[in-house]
Amino acid sequence: MNKIIGTDVSRKDGRAKVTGTATYAAEHQIPNLIHGYLVTASIANGQIKSIDTGAAEKAVGVVAVFTHKNAPKVFMPTNNFMTSKIYESRLPLSDDKIYYAGQIIGLVVADTFERARDAAHLVKVEYASQQPVVDAKKANFKEAPPLFGEELKFEKGNVTAANSAIAKIEATYKTATELHAPMEPHAIIAHWQGPDSLTVYEPSQWILATQRTYAELFGLPTERVRIVTPFLGGAFGSKAFPWPHGVLCAAAARKLQRPLRVVLSRRQMTMNAGHRSETEQTIRLGANADGGLIMIDHEAKSCTSPVEVFPEPCTGITPVMYSAPNIRLKQELAVMNVGTPTFMRAPGENPGMWAMESAMDELAWALKIDPVALRLKNETKEHQRKGQPFSAKHFADCLQVGAEQFGWKDRPKQPRSLTRDGKLIGWGMAAATFPGMRSSASAKVRLLPDGSAHVLTAANDMGTGSYTVVAATAAEILGLPVEQVRVEIGDSLLPDGGLAGGSQMTASLVPAVMSACKEVLKTANAKTAQEAFASLRQSKRAAFEATASSAPGAEAKKWAFQSWGAHFCEVSIDEEIGRLRVTRWVSVMDIGRVINSKTAASQVRGGVIMGIGQALMEECHLDPNIGYPVVYDLATYHFPAHADIPRIQVAFVGEPDLNFNPAGARGVGEIGITGVSAAIANAVYHATGKRIRDLPITPEKLL
Ligand code: MOS
């Protein structure tokens, strides 16, 4: 058998992307296409008193102007995160209310994009404005509801009775509002073939849920909607379900019976297509003199919009990371006049690990215990809320191999004791974690007489490597070179390929592809693909074909599945100008079996880079008086460029997690970002003796 799984396989879609032949949603060539431009609210709270569309309607090339007064009709979908959902639980243009600045209040449709945009600026709006709530300090926090049915609160033992602790840490950690800022802006083409048949070209992380959602919005049978999304230019959680602009575009296209395209500007994307809420978390830790934790108390707060309930689930990591007899988790949510927040790479785990891994570092300093040793000492064998043992857990290896590769044992034990070229040097580390998730998925495999294999599935590749992982899996099972496997994904006409979210596409899809490959060989009555090809040619048959599915089994309920990791980093700080450079990085991950070491390492690097952005640069501000975003493009929203990033050394440890799925692979999309900002803040403390608990760590905080 081939040895392809686990090796470095270069991206199947790489050439198409660098040569510009990969077709993104807005680039599909549809005859007779017209263009929509959004009109958005310039106040953050209140009501539309009057809206005058006369001038816009008379402008050259304008086809139609939609506002709440003539909103095209749609139905409210079931709206459940597990089946079908609109990200924002209010249908666009449903009334004259304004809940946040940038909210869609109209759509101008014209024969060209430029004419639609010009006419959109001719729409005159008068508002009855009220003072918006955009400052979390003035917001009203209440207990957060569960997310996906998972409770965010938990209590075991009694944290207040854990007074025998020798060392106690209590600190509050903050993160800023962060934007997904995918390279491909949010965009959609809606194309109706008659009143009951819709094709949507839109980036989608979950094709079949998007199909169900559009079908419900228009009261159609699911199969009357087709979603086409062969390429996504980044998503990070913001492209799983329709946003209001998508709903409005499809509804307007139906009304006009013309294919319609809507592309969001960067400014519109600031508030209209999701973000990660700012968070504030207070952590109290109590430990014995030897570092054994006896108490963990974790309180988290995040914000949501008036038109969606989305708590950033920070407390999810707490029962998973460290063992303690007394644990209390509390999660609160406030409604503010901000756009609707949503999943963003490691939702909950990311801010949760920022707080937890900063607090563990503070505890290590207080007890004069090495932070790696403190984590090893407190590792938990079971998920303390679910009461299940972890399957194939190799967290300790991540810590030990990472420490070894980084040279951690040479770390001076005092802050401010390392210098280089007149700059302070600091070393920091933090753990990483993300749950192992999987859903049911199916794939179809065809063997053709020309000696090629095709794999077809309604999966998608948001830049993560699905094309490549599917091809490598099929090549290995069929005994073919990767080049002879063609992968077709991103179309709801194909078998359900699952969801690219919660780091679960590989874990869901690879077992289905494995089964389908074995099945097609059975159908061909052949041991290898070569044998099958010979029999095709002999019999003049067009193809052998088989479809197979894979889904989590009942035995899986015995286990908790979780991926693990450790980051080690070095920072260099010029205290005179507050300049921080990340100069060295080592990440070691336990993700079960690695399917493609090249794309997996790339996912970890991408996560680390995004984490460096969170740690040092990324923050979205709203004007405190009017609630309008003062960050509105890729120049005002800072994130790292190549020059900000050192070489990122990535290694994998562990073993295939065969309790989890037949491939033993747990997925790697999100774990890389968790713990990164804490590792950097911990290194900043080692360099300077200054503990920064408020992200991002900008120059003025270092001065
Ligand atoms: Mo991810 S934030 O679950 O797309």
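Each ligand, and each atom within it, is numbered from 1 in the order the structure gives.
Interface of R345 with ligand 1, defined as ligand atoms under 4.0 Å from a residue heavy atom, comprises 2 (S). In the vicinity of M344, heavy-atom distances shorter than 4.0 Å reach the ligand 1 atoms 2 (S). The ligand atoms of ligand 1 that sit less than 4.0 angstrom from a heavy atom of G502 are 1 (Mo), 3 (O). Below 4.0 Å from some heavy atom of E670 lie the following atoms of ligand 1, by number and element: 1 (Mo), 2 (S), 3 (O). The ligand atoms of ligand 1 that sit less than 4.0 angstrom from a heavy atom of G237 are 2 (S), 4 (O). Those atoms of ligand 1 with a heavy atom of F343 less than 4.0 angstrom away are 2 (S).
When heavy-atom distances to ligand 1 are checked against a 4.0 Å cut-off, P347 comes that close only through its side chain, counted from C-beta outward.
For atom 4 (O) of ligand 1, the closest non-hydrogen atom of the protein is Q205 NE2, 2.7 Å.
Ring centers of F434 and W564: at least 6.0 Å apart, outside the cut-off.
With sequence neighbours excluded, the residues satisfying side chain to side chain contact (heavy atoms under 4.5 Å, CB included) with S439 are Q504, S508. When the salt bridge (Lys or Arg N to Asp or Glu O under 4.0 Å) test is applied to E308, the partners found at least two apart in sequence or on another chain are K85.
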Exercise. Determine, step by step, whether F241 and Y214 satisfy the ring pair (Phe, Tyr, Trp, His ring centres under 6.0 Å) criterion, reporting the C-alpha distance in whole Å, the side-chain angles of both residues, the deciding distance to 0.1 Å, and the verdict.
Key: CA-CA 9 Å; F241 302 103; Y214 278 108; over 10 Å; no
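Among E178, R345, Q614, E670, the single residue meeting the side chain to side chain donor-acceptor pair (under 3.5 Å) criterion with N350 is Q614.
Counting all heavy atoms, side chain and backbone alike, H28 lies closest to I189 at O-CD1, 3.6 Å.
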